[in-house]
Student: 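Have a look at this one before I ask anything.
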Amino acid sequence: MSAPWVEIRNLSEHEGREVAIKGWMYNKRSSGKIHFLQLRDGTGFVQAVMARTDVPEETFLEAKGLWLEACIEVTGVVKSDERAPSGYELNVTGLRVFHNPQQEYPIGKKEHGIDFLLDNRHLWLRSQRQRAVMKIRDQVVWAAREYLHGQGFLLADSPILTGSIGEGASGLFEVPYFDEGTAYLAQTGQLYAEAAAAAFGKVYTFGPTFRAEKSKTRRHLTEFWMIEPEVAFYDHEDNMKLQENLISAIVESVLENCQAELGALERDTKPLENARAPFHRITYDEAVKILQDLGSTIEYGTDFGGDDETVLTQQFDKPVFVECYPKKVKAFYMKQHPVRDDLVLCDDLLAPEGYGEIIGGSQREDDYGLLLSRIREEGLPEESYEWYLDLRRYGTFIHSGFGLGIERLVSWVCGLHHIREAIPFPRTIYRLNP
Ligand code: 4AD
Ligand code: MG
């Protein structure tokens, strides 16, 4: 009987037995008597040791001729080995070559520049570091869905092609749309989430969102993924509690399930262990004061720049909420502050260590008249918002929600320098390929 195909992650269940592994050879060391083949199958990494005396001579020669990233099947006996990173090795008994490239793999051991790596993103993803990031991203998304599902949230997906503008008229991608004119790629699923909240109570949308901003910072993508919970009868305060509980649950889940990946990224896990609810809270007014005292030139009434956020978060040992921004720097749908009519009931959640905004949230304006006047003030096309105004005409309700940027969160959790590593195929103003 031929050896069963086994995933590297499950090798421990097969100690002492002969198994087959299918994967790619990402490295090789050889002496005259022995080849050390480093294999990767997507689920893990393992060293396969081929001794000249254990295999037919032509197999040994075939292994000698393997180029990096050859796709192979290796048969061998699983042996525990304390020195191996996975704890196991394979004593090779057989080799099958699916494809031997016969040419040099573009990504070598030498240092490559970031542009070269991004041009080769389709290959760069195979590296151990990129696998660690993507594994953590997977855990982040899984944990978020698990938490929300467990709290009784219903997933209500929102459209990507939309007729109404979510966040502001600048920064829209336009798509010709038959006889209907112009469609926009969704900047947010929020307006639809609000309709769903009136139908289902606790909901969230999760999907790609698009911003045509010409931002060249290490925090901006033109296409990014957002989880947007929206809850009927939650006010500003309830909304922030949900945010800190969700982030705590996600970070805890990553710490529990991704120690190897955090290790591969050399991530100091103390700031993550510290990220337990409740988080710090300051108002916009206080934030401006702190920044000015630290020497920032920020003027009261303007939005924070990336540098301001960096400086601000360095003052705190865990995530910090900044509440109640001036109305004029925020979107039209936010609820007016009950006593300060120049402010809105909103919050940005800033991640520590200089990372900055990972969540933007608010209580929504539920007053028909106030909302309509905000739509007019912003010069938004009123007819596209008729359906949205209906939510205030038929059983208007206190409700709140927020958007969590997946790549922003992954960047912080992984300790990445730039957001482009937090998504498999990043889209920035300069990059549409691969
Ligand atoms: O603060 P934003 O613009 O809020 C909204 O879109 C609301 N409609 C969300 C809601 O209340 N349902 O974006 C929310 C989050 C930001 O905090 C950030 O994490 C992420 O989305 N984000 C970006 N991530 C990467 N690249 C960009 N260009 C981003 N713009 C926003
Ligand atoms: Mg924001």
Side-chain angles (χ1 to χ4, degrees), residues 137 140 144 148 153 156-158 162 164-173 184-197 203-231 234 236 239-240 242-243 246-247 250 284 303-306 308-309 313 319-323 325-326 329-335 344-351 355-365 388 399-413 416 418-423 426-429 431:
R137 179 186 169 106
V140 162
L148 293 171
F153 280 74
D157 291 310
S158 53
T162 67
S164 29
I165 301 160
E167 287 300 309
S170 68
L172 286 163
F173 283 109
Y184 306 108
L185 297 186
Q187 296 167 314
T188 171
Q190 178 195 323
L191 307 193
Y192 300 95
E194 288 184 55
V203 301
Y204 71 103
T205 74
F206 180 40
T209 44
F210 305 86
R211 307 265 165 112
E213 300 156 306
K214 293 208 164 142
S215 305
K216 291 177 237 169
T217 77
R218 60 195 181 92
R219 297 179 173 144
H220 288 88
L221 294 166
T222 53
E223 176 179 314
F224 60 96
W225 287 68
M226 189 155 46
I227 287 193
E228 297 183 84
E230 191 73 32
V231 190
Y234 269 27
H236 170 60
N239 195 30
M240 288 194 294
L242 175 61
Q243 291 165 48
L246 174 64
I247 297 295
I250 294 171
Y284 170 85
D303 206 354
F304 303 122
D308 292 321
E309 283 186 7
T313 67
V320 54
F321 287 108
V322 181
E323 296 176 64
Y325 283 68
V329 301
K330 288 294 182 185
F332 72 95
Y333 51 71
M334 294 186 180
K335 188 166 180 63
V344 282
L345 289 177
C346 72
D347 69 270
D348 278 5
L349 180 62
L350 312 185
Y355 278 87
E357 182 186 342
I358 54 172
I359 283 180
S362 64
Q363 188 171 330
R364 318 308 189 185
E365 186 54 76
Y388 186 63
H399 62 291
S400 304
F402 60 92
L404 164 61
I406 295 298
E407 292 78 14
R408 295 269 182 98
L409 178 57
V410 170
S411 292
W412 169 55
V413 169
L416 304 179
H418 196 294
I419 196 169
R420 63 196 157 203
E421 271 187 270
I423 185 166
R427 294 290 172 254
T428 61
I429 54 174
R431 188 163 292 282

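In each ligand, atom 1 is the first atom listed, and ligand 1 is the first ligand listed.
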Student: Kindly indicate whether the side chain of F321, heavy atoms from C-beta on, has any atom under 4.5 Å from the side chain of D348.
Tutor: no

Student: Go through it in stages, so that I can follow the logic: the residues are K335 and R364, the test is side-chain contact (heavy atoms from CB on, under 4.5 Å), and I'd like the CA-CA distance, side-chain angles, deciding distance and then a yes or no.
Tutor: CA-CA 5 Å; K335 188 166 180 63; R364 318 308 189 185; 5.9 Å; no

Student: Answer with side chain, backbone, both or neither: which part of R219 has a heavy atom less than 4.0 angstrom from an atom of ligand 1?
Tutor: backbone

Student: Any heavy-atom pair between the side chains of P229 and L242 that's under 4.5 Å?
Tutor: yes

Student: Over 60° means perpendicular and under 30° means parallel, so tell me whether F304 and Y325 are parallel, tilted or perpendicular.
Tutor: perpendicular

Student: On a heavy-atom basis, which atom in H418 and which in T217 lie closest, and how many Å separate them?
Tutor: NE2-O, 3.8 Å

Student: May I ask you to check if ligand 1 and E230 share an N or O to N or O distance below 3.5 Å?
Tutor: no

Student: Have a look at ligand 1 and work out which part of E407, if any, has a heavy atom under 4.0 Å from it: side chain, backbone, both or neither.
Tutor: neither

Student: Taking C-beta and beyond as the side chain, do E194 and Y388 meet within less than 4.5 Å on heavy atoms?
Tutor: yes

Student: Can you sort out which atoms of ligand 1 are near G360, meaning under 4.0 Å from one of its heavy atoms?
Tutor: 1 (O), 9 (C), 10 (C), 11 (O), 17 (O)

Student: Using a heavy-atom cut-off of under 4.0 Å, does the side chain or the backbone of Y333 touch ligand 1, or both, or neither?
Tutor: side chain

Student: What part of K330, side chain from CB on, backbone N/CA/C/O, both or neither, has a heavy atom under 4.0 Å from ligand 1?
Tutor: neither

Student: So do Y184 and S164 actually touch side chain to side chain, heavy atoms under 4.5 Å?
Tutor: no

Student: May I ask you to list the atoms of ligand 1 that are less than 4.0 angstrom from any heavy atom of E213?
Tutor: 28 (N)

Student: Output the distance between atom OG1 (T162) and atom OH (Y192), rounded to the nearest 0.5 Å.
Tutor: 5.0 Å

Student: Without swapping roles, check the side chain of R219 against the backbone of Y355 for a donor-acceptor pair under 3.5 Å.
Tutor: yes

Student: Can you check whether R137 reaches E407 side chain to side chain, under 4.5 Å on heavy atoms?
Tutor: yes

Student: For atom 30 (N) of ligand 1, state which one of F210, Y204, F224 supplies the nearest heavy atom.
Tutor: F224

Student: Decide whether an N or O pair under 3.5 Å exists between Q187 and ligand 1.
Tutor: no

Student: Are any of the N/O atoms on G405, whether in the backbone or the side chain, positioned under 3.5 angstrom from an N/O atom of ligand 1?
Tutor: yes

Student: Test of understanding: given a 4.0 Å heavy-atom threshold, classify the contact between R211 and ligand 1 as side chain, backbone, both, or neither.
Tutor: side chain

Student: When you measure from atom 17 (O) of ligand 1 to every protein heavy atom, which one gives the shortest distance, and what is it?
Tutor: E357 OE2, 2.6 Å

Student: Find all atoms of ligand 1 within a distance of less than 4.0 Å from any non-hydrogen atom belonging to I419, and give their numbers and elements.
Tutor: 25 (C)

Student: Only heavy atoms of I359, strictly under 4.0 Å: list the atoms of ligand 1 that pass.
Tutor: 17 (O)

Student: At their closest point, which heavy atom of V203 faces which heavy atom of A156, and how far apart are they?
Tutor: CB-CB, 4.5 Å

Student: Determine, using heavy atoms of R364 and all atoms of ligand 1, whether some pair is separated by less than 4.0 Å.
Tutor: yes

Student: Suppose I only count heavy atoms of M226 and a 4.0 Å limit; which atoms of ligand 1 are within that range?
Tutor: 6 (O), 13 (O), 14 (C), 15 (C), 21 (O)

Student: Give me the nearest non-hydrogen protein atom to atom 18 (C) of ligand 1 as residue plus atom name, then the distance to 0.1 Å.
Tutor: R408 NH1, 3.6 Å

Student: Can you pull out the closest protein heavy atom to atom 15 (C) of ligand 1? Residue, atom name and distance to 0.1 Å, please.
Tutor: G403 O, 3.6 Å

Student: Do Y333 and E167 touch side chain to side chain, with heavy atoms closer than 4.5 Å?
Tutor: yes

Student: Please could you name the atoms of ligand 1 that E228 approaches to less than 4.0 Å, counting only its heavy atoms?
Tutor: 8 (N), 9 (C), 10 (C), 12 (N)

Student: What atoms of ligand 1 come closer than 4.0 angstrom to any heavy atom of T188?
Tutor: 6 (O), 8 (N)

Student: On a heavy-atom basis, I'd like to know which of D348, I358, L221 is closest to atom 28 (N) of ligand 1.
Tutor: L221

Student: Closest approach of T209 and Q187, non-hydrogen atoms and distance?
Tutor: CB-O, 3.6 Å

Student: Which is the closest N/O/S atom of E357 when seen from the Mg ion (ligand 2)?
Tutor: OE2

Student: Answer with side chain, backbone, both or neither: which part of T209 has a heavy atom less than 4.0 angstrom from an atom of ligand 1?
Tutor: neither

Student: Quick one: closest heavy-atom pair of T222 and E213, and the distance?
Tutor: CG2-O, 4.4 Å

Student: Do me a favour and list the nearest non-hydrogen protein atom to atom 5 (C) of ligand 1 with residue, atom name and distance?
Tutor: E167 OE2, 3.3 Å

